[in-house]
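Excluded from the calculations below are hydrogen atoms, water molecules and symmetry mates; all remaining heavy atoms, backbone and side chain alike, are included. Order of listing sets the numbers, starting from 1, for every ligand and every atom in it.
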Amino acid sequence: MSTTAVTQTSFDVKNLELADLGKRRIEWANQSMPVLQTIRKDFIKQQPLKGIRISACLHVTTETANLAITLRDGGADVVLCASNPLSTQDDVAASLVRDYGISVFAIKGEDNDSYYKHILSALDHKPHMTMDDGADLVSVALTKRQDVLDGIIAGTEETTTGVIRLRAMAKDGQLRYPIIAVNDALTKHMFDNRYGTGQSTMDGVIRCTNALIAGSKFVVAGFGWCGRGLASRARGAGAEVIVTEVDPTKALEAVMEGYRVMSMIEAAKIGDVFCTVTGNKNVLAKEHFDLMKDGAIISNSGHFNVEIDIPSLEKMSSSKRTTRAFVEEYSLKDGRKINLLGEGRLINLASAEGHPPSVMDMSFADQALCCEYMVKNYKTLEKKVHTVPADLDKRVARLKLEAMGVKIDKLTPEQEEYLASWNEGT
Ligand SMILES: NC(=O)c1ccc[n+]([C@@H]2O[C@H](COP(=O)([O-])OP(=O)(O)OC[C@H]3O[C@@H](n4cnc5c(N)ncnc54)[C@H](O)[C@@H]3O)[C@@H](O)[C@H]2O)c1
């Protein structure tokens, strides 16, 4: 991987001396991102993003670093800030600044004020494009930095919660430019949300607690793409998995997958480890804390830290202490203890490293190709949330299969004709 020894003057990272480690880890991730590597080679030749300023608000991880480098190599001028106060890898942020000439505004553990100050710094870049994971960048631009809006031609959004927020903005007539929902690509949510979140969430829970999953009762709230992945990984680790849902179809699917399905009020009494992945708020609330066993572990892997009602937990407690990194032990007034992981923020990024590069290879290939698509097509796109074109999605799947050495069949002309006709029933 080529690097440019540019020293950025505008950045805010923890410590540039961490850059050596960050560079090695960025290169390690790159080895498992063959699809992004292919796109990067094309971008270097074709320069599809030449002159485009991109402000990206993403989890600052080794995988994101490889995306940012790809965009830069495609001609873009990229600035990066964090999409969560706890998800930044400080060594990666340092290396991006020192070794790759990419401005980063992100420090792991930053407080809310710094988090938003960093988003504003990313908007100072006067982007032509925004790239979001959770829609914080767009919403800050809309509410606090309207001066930059006229210059923005398009945007991309990485996650389920961000897409939901953006669709609400579009419905209210607030969206000022077209945004593509990268999350809706099949090569994104079927793999990243399911296998990526599934594995890395287990990793996060285990790293910060060292709890034995085998034999435990592991409660997964939400059986969407992330929940399915998490439930299957928890089962694989030997847990008795309990699923809670509000959607009858998803609940039925969980039943037929062999999970125990019940209301959270019931699950609260018996669970050992809880993890919310719903994109909703107060999924674990006072009425549930009231019933939990002494020593229960509660965590979240949904986008925002609202899935667990932490203010209620605070009120119910007489004291709290940090027992291990990312573990807060709340002592309730009745003597029970409840352990909150990672401040209720996405536990896979707070205490582990987020998704493995091999799965982010597809999500970020989608991101890079969507950027190229938006630059080519923004003039004809309405100011709303757009889905990823099917051919782009299939291209990423094909490239991933090629990289894995997997060959598949091709429709014969006869089969194509058969599938396209309605009168050939026999
Ligand atoms: N941790 C990560 O790295 C990561 C990765 C991808 C997505 N996410 C986030 O995870 C969340 C879920 O994403 P998804 O793609 O699985 O969404 P999804 O829409 O596929 O699934 C969410 C599920 O939660 C259910 N739900 C909603 N309210 C509930 C409640 N009160 N109790 C029980 N179930 C409830 C819904 O019915 C739905 O089935 C989102 O916030 C998304 O942004 C996190």
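Put simply, the residue from N183, T160, D366 that forms a side chain to side chain donor-acceptor pair (under 3.5 Å) with K188 is N183.
Remark: E353 engages R207 in a salt bridge, criterion side-chain N to carboxylate O under 4.0 Å. A salt bridge is defined here as a Lys NZ or Arg NE, NH1 or NH2 lying under 4.0 Å from an Asp or Glu carboxylate O, and E110 with K117 fails to meet this definition. With respect to D90 and K108, no salt bridge is recorded, no charged nitrogen being found less than 4.0 Å from a carboxylate O.
I310 pairs by the side chain to side chain contact (heavy atoms under 4.5 Å, CB included) definition with I308, E314, Y330, L340, not counting sequence neighbours.
Counting only N and O atoms by type, the side chains of T278 and E307 include a donor and acceptor under 3.5 Å apart.
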Distances only, to 0.1 Å: what are the N or O pairs between ligand 1 and the protein that fall under 3.5 Å?
from     : atom 1 : to   : atom 2 : distance (Å)
ligand 1 : 1 (N)  : S301 : O      : 2.8
ligand 1 : 1 (N)  : S301 : OG     : 3.1
ligand 1 : 1 (N)  : N348 : OD1    : 3.1
ligand 1 : 1 (N)  : N348 : ND2    : 3.3
ligand 1 : 3 (O)  : N348 : ND2    : 2.8
ligand 1 : 13 (O) : T160 : OG1    : 3.4
ligand 1 : 15 (O) : T160 : OG1    : 2.7
ligand 1 : 15 (O) : N193 : ND2    : 2.9
ligand 1 : 16 (O) : W225 : N      : 3.2
ligand 1 : 16 (O) : C226 : N      : 2.9
ligand 1 : 20 (O) : W225 : N      : 3.1
ligand 1 : 28 (N) : N280 : ND2    : 3.1
ligand 1 : 37 (O) : E245 : OE1    : 2.8
ligand 1 : 39 (O) : E245 : OE2    : 2.6
ligand 1 : 39 (O) : K250 : NZ     : 3.0
ligand 1 : 41 (O) : T161 : OG1    : 2.5
ligand 1 : 41 (O) : H303 : N      : 3.0
ligand 1 : 43 (O) : T159 : OG1    : 2.7
ligand 1 : 43 (O) : T161 : N      : 3.1
ligand 1 : 43 (O) : T161 : OG1    : 3.4

